[in-house]
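Report on one structure; see the data block that follows.
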Amino acid sequence: MQTAITIGVIVLAMAIIVIAVMLVQFFRNLNALIKQTDETIQHLQMNADQIIARVDVSLEDLNTISKDLTGKMDKLDSTFSAVDSIGEGVSSLSNHVRDKVSHPPEWADRALELLTAGFTVYKGFDRMRQMDERRTEVKQRVQA
(Lines give C-alpha, C1' and ligand atoms only; values in the text may rest on other atoms or scores of the structure.)
Protein backbone atom coordinates (compact mmCIF):
# COMPACT_ATOMS: atom_id res chain seq x y z
CA MET A 1 0.00 0.00 0.00
CA GLN A 2 2.84 2.25 0.83
CA THR A 3 4.27 1.67 -2.65
CA ALA A 4 0.93 2.51 -4.23
CA ILE A 5 0.85 5.84 -2.39
CA THR A 6 4.45 6.52 -3.40
CA ILE A 7 3.67 5.69 -7.03
CA GLY A 8 0.55 7.93 -6.84
CA VAL A 9 2.59 10.81 -5.42
CA ILE A 10 5.26 10.34 -8.11
CA VAL A 11 2.60 10.27 -10.87
CA LEU A 12 0.95 13.34 -9.35
CA ALA A 13 4.31 15.14 -9.13
CA MET A 14 5.09 14.23 -12.74
CA ALA A 15 1.65 15.48 -13.82
CA ILE A 16 2.22 18.75 -12.00
CA ILE A 17 5.66 19.10 -13.65
CA VAL A 18 4.16 18.40 -17.09
CA ILE A 19 1.39 20.93 -16.46
CA ALA A 20 3.97 23.49 -15.24
CA VAL A 21 6.12 22.97 -18.38
CA MET A 22 3.05 23.31 -20.59
CA LEU A 23 2.00 26.47 -18.74
CA VAL A 24 5.50 27.94 -19.19
CA GLN A 25 5.35 27.25 -22.95
CA PHE A 26 1.82 28.67 -23.11
CA PHE A 27 2.82 31.89 -21.34
CA ARG A 28 5.94 32.27 -23.52
CA ASN A 29 3.76 31.98 -26.63
CA LEU A 30 1.22 34.33 -25.08
CA ASN A 31 3.99 36.84 -24.31
CA ALA A 32 5.18 36.76 -27.92
CA LEU A 33 1.58 37.24 -29.11
CA ILE A 34 1.11 40.20 -26.76
CA LYS A 35 4.33 41.82 -28.04
CA GLN A 36 3.16 41.37 -31.63
CA THR A 37 -0.22 42.84 -30.79
CA ASP A 38 1.46 45.82 -29.12
CA GLU A 39 3.63 46.44 -32.21
CA THR A 40 0.59 46.18 -34.46
CA ILE A 41 -1.34 48.66 -32.35
CA GLN A 42 1.61 51.10 -32.39
CA HIS A 43 1.84 50.75 -36.18
CA LEU A 44 -1.90 51.37 -36.55
CA GLN A 45 -1.66 54.40 -34.29
CA MET A 46 1.15 55.85 -36.44
CA ASN A 47 -0.92 55.22 -39.59
CA ALA A 48 -3.95 56.88 -38.01
CA ASP A 49 -1.82 59.91 -37.09
CA GLN A 50 -0.55 60.14 -40.68
CA ILE A 51 -4.08 59.90 -42.06
CA ILE A 52 -5.29 62.62 -39.70
CA ALA A 53 -2.38 64.86 -40.77
CA ARG A 54 -3.26 64.30 -44.44
CA VAL A 55 -6.91 65.05 -43.78
CA ASP A 56 -5.92 68.30 -42.04
CA VAL A 57 -3.85 69.34 -45.06
CA SER A 58 -6.68 68.38 -47.42
CA LEU A 59 -9.16 70.41 -45.39
CA GLU A 60 -6.86 73.43 -45.48
CA ASP A 61 -6.56 73.07 -49.26
CA LEU A 62 -10.33 72.72 -49.57
CA ASN A 63 -10.82 75.84 -47.45
CA THR A 64 -8.44 77.79 -49.70
CA ILE A 65 -10.25 76.60 -52.82
CA SER A 66 -13.62 77.48 -51.25
CA LYS A 67 -12.45 81.02 -50.47
CA ASP A 68 -11.11 81.39 -54.01
CA LEU A 69 -14.42 80.20 -55.51
CA THR A 70 -16.38 82.54 -53.27
CA GLY A 71 -14.29 85.49 -54.43
CA LYS A 72 -14.73 84.53 -58.06
CA MET A 73 -18.49 84.12 -57.62
CA ASP A 74 -18.67 87.61 -56.07
CA LYS A 75 -16.83 89.01 -59.09
CA LEU A 76 -19.22 87.21 -61.43
CA ASP A 77 -22.23 88.64 -59.59
CA SER A 78 -21.09 92.18 -60.33
CA THR A 79 -20.36 91.27 -63.95
CA PHE A 80 -23.83 89.75 -64.37
CA SER A 81 -25.35 92.85 -62.82
CA ALA A 82 -23.51 95.07 -65.30
CA VAL A 83 -24.54 92.86 -68.23
CA ASP A 84 -28.14 92.98 -66.97
CA SER A 85 -27.99 96.76 -66.90
CA ILE A 86 -26.67 96.82 -70.47
CA GLY A 87 -29.41 94.40 -71.50
CA GLU A 88 -32.05 96.64 -69.97
CA GLY A 89 -30.62 99.61 -71.85
CA VAL A 90 -30.57 97.75 -75.16
CA SER A 91 -34.10 96.47 -74.53
CA SER A 92 -35.26 99.98 -73.75
CA LEU A 93 -33.59 101.27 -76.90
CA SER A 94 -35.15 98.50 -78.96
CA ASN A 95 -38.60 99.19 -77.51
CA HIS A 96 -38.26 102.91 -78.19
CA VAL A 97 -37.12 102.31 -81.75
CA ARG A 98 -39.97 99.86 -82.34
CA ASP A 99 -42.50 102.29 -80.90
CA LYS A 100 -41.12 105.16 -82.95
CA VAL A 101 -41.08 103.16 -86.16
CA SER A 102 -44.71 102.08 -85.73
CA HIS A 103 -45.85 105.55 -84.53
CA PRO A 104 -43.65 108.26 -85.97
CA PRO A 105 -43.16 110.89 -83.19
CA GLU A 106 -41.86 114.34 -83.44
CA TRP A 107 -38.13 114.76 -83.98
CA ALA A 108 -37.43 116.06 -80.46
CA ASP A 109 -39.21 113.17 -78.75
CA ARG A 110 -37.28 110.66 -80.85
CA ALA A 111 -33.95 112.34 -80.07
CA LEU A 112 -34.77 112.44 -76.37
CA GLU A 113 -35.68 108.76 -76.31
CA LEU A 114 -32.53 107.80 -78.22
CA LEU A 115 -30.42 109.88 -75.86
CA THR A 116 -32.11 108.22 -72.87
CA ALA A 117 -31.47 104.77 -74.27
CA GLY A 118 -27.87 105.73 -75.10
CA PHE A 119 -27.37 107.00 -71.57
CA THR A 120 -28.75 103.75 -70.14
CA VAL A 121 -26.29 101.78 -72.27
CA TYR A 122 -23.49 104.12 -71.17
CA LYS A 123 -24.43 103.50 -67.51
CA GLY A 124 -24.13 99.78 -68.10
CA PHE A 125 -20.67 100.15 -69.65
CA ASP A 126 -19.63 102.51 -66.87
CA ARG A 127 -20.78 99.98 -64.28
CA MET A 128 -18.74 97.27 -66.03
CA ARG A 129 -15.68 99.58 -66.05
CA GLN A 130 -16.09 100.25 -62.32
CA MET A 131 -16.41 96.53 -61.60
CA ASP A 132 -13.26 95.90 -63.63
CA GLU A 133 -11.41 98.55 -61.60
CA ARG A 134 -12.62 96.92 -58.37
CA ARG A 135 -11.43 93.52 -59.59
CA THR A 136 -8.05 95.02 -60.41
CA GLU A 137 -7.84 96.54 -56.92
CA VAL A 138 -8.81 93.21 -55.32
CA LYS A 139 -6.21 91.36 -57.39
CA GLN A 140 -3.55 93.86 -56.35
CA ARG A 141 -4.51 93.46 -52.68
CA VAL A 142 -4.49 89.68 -52.96
CA GLN A 143 -1.09 89.67 -54.68
CA ALA A 144 0.38 92.05 -52.09
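Keep in mind that the numbers below use all heavy atoms, side chains included, and drop hydrogens, waters and symmetry copies. Index from 1, following the sequence.
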(request) Find the distance between NZ (Lys72) and CD1 (Ile65) and round it off to the nearest 0.5 Å. (result) 10.0 Å

(request) Give the minimum heavy-atom separation between Ala82 and Arg127, together with the two atoms involved. (result) CA-CD, 3.9 Å

(message) Looking at every non-hydrogen atom in both residues, tell me the closest pair between Val90 and Val121 and how far apart they are.
(response) N-CG2, 4.1 Å

(message) Counting C-beta onward and ignoring hydrogens, is there a side-chain heavy-atom pair between Thr37 and Ile41 closer than 4.5 Å?
(response) yes

(request) Please assess Ser91 against Asn95 for the test side chain to side chain contact (heavy atoms under 4.5 Å, CB included), listing each intermediate value before the final yes or no. (result) CA-CA 6 Å; Ser91 176; Asn95 288 337; 3.8 Å; yes

(message) Do Leu59 and Ile51 sit in one hydrophobic cluster, given that two such residues count as connected whenever their side-chain heavy atoms are within less than 4.5 Å of each other, even indirectly?
(response) yes

(message) Membership question, hydrophobic clusters at under 4.5 Å side-chain separation (ILVMFWY): are Phe27 and Ile34 in the same one?
(response) yes

(request) Look at the side chain of Thr64 and the backbone N and O of Glu60, then say whether any donor-acceptor pair between them is shorter than 3.5 Å. (result) yes

(request) May I ask you to decide if Gln2's main-chain N or O and Thr6's side chain share a donor-acceptor pair within less than 3.5 Å? (result) yes

(request) First locate atom CG of Asn29, then atom CG of Leu33, and finally report the distance between them rounded to the nearest 0.5 Å. (result) 9.0 Å

(message) Donor-acceptor pair, distance only, cut-off 3.5 Å: does the side chain of Thr120 make one with the backbone of Thr116?
(response) yes

(message) Would you compute the distance between atom CZ of Arg129 and atom CZ of Arg134 and round it to the nearest 0.5 angstrom?
(response) 10.0 Å

(request) Could you walk me through whether Asp38 and Lys35 pass the salt bridge (Lys or Arg N to Asp or Glu O under 4.0 Å) test, one step at a time? (result) CA-CA 5 Å; Asp38 186 47; Lys35 284 182 183 179; over 6 Å; no

(request) Answer yes if Met73 and Phe80 sit in the same cluster of Ile, Leu, Val, Met, Phe, Trp and Tyr residues linked by side chain heavy atoms under 4.5 Å apart, and no otherwise. (result) yes

(request) First locate atom CG of Leu44, then atom CG of Asp49, and finally report the distance between them rounded to the nearest 0.5 Å. (result) 11.0 Å

(message) Please identify which of these residues, Ile16, Leu23, Ile17, Val21, meets the side-chain contact (heavy atoms from CB on, under 4.5 Å) condition with Ile19.
(response) Leu23

(request) Return yes if some donor-acceptor pair links the side-chain N/O of Thr40 with the main-chain N/O of Gln36 below 3.5 Å, else return no. (result) yes

(message) Rounded at 0.5 Å granularity, tell me how far CG in Asn63 sits from OG in Ser58.
(response) 12.5 Å

(request) Could you tell me the separation between the CD atom of Gln50 and the CE atom of Met46, rounded to the nearest 0.5 Å? (result) 6.5 Å

(request) Heavy atoms only: give me the nearest Ser85-Gly124 pair and the separation to one decimal. (result) OG-CA, 3.7 Å

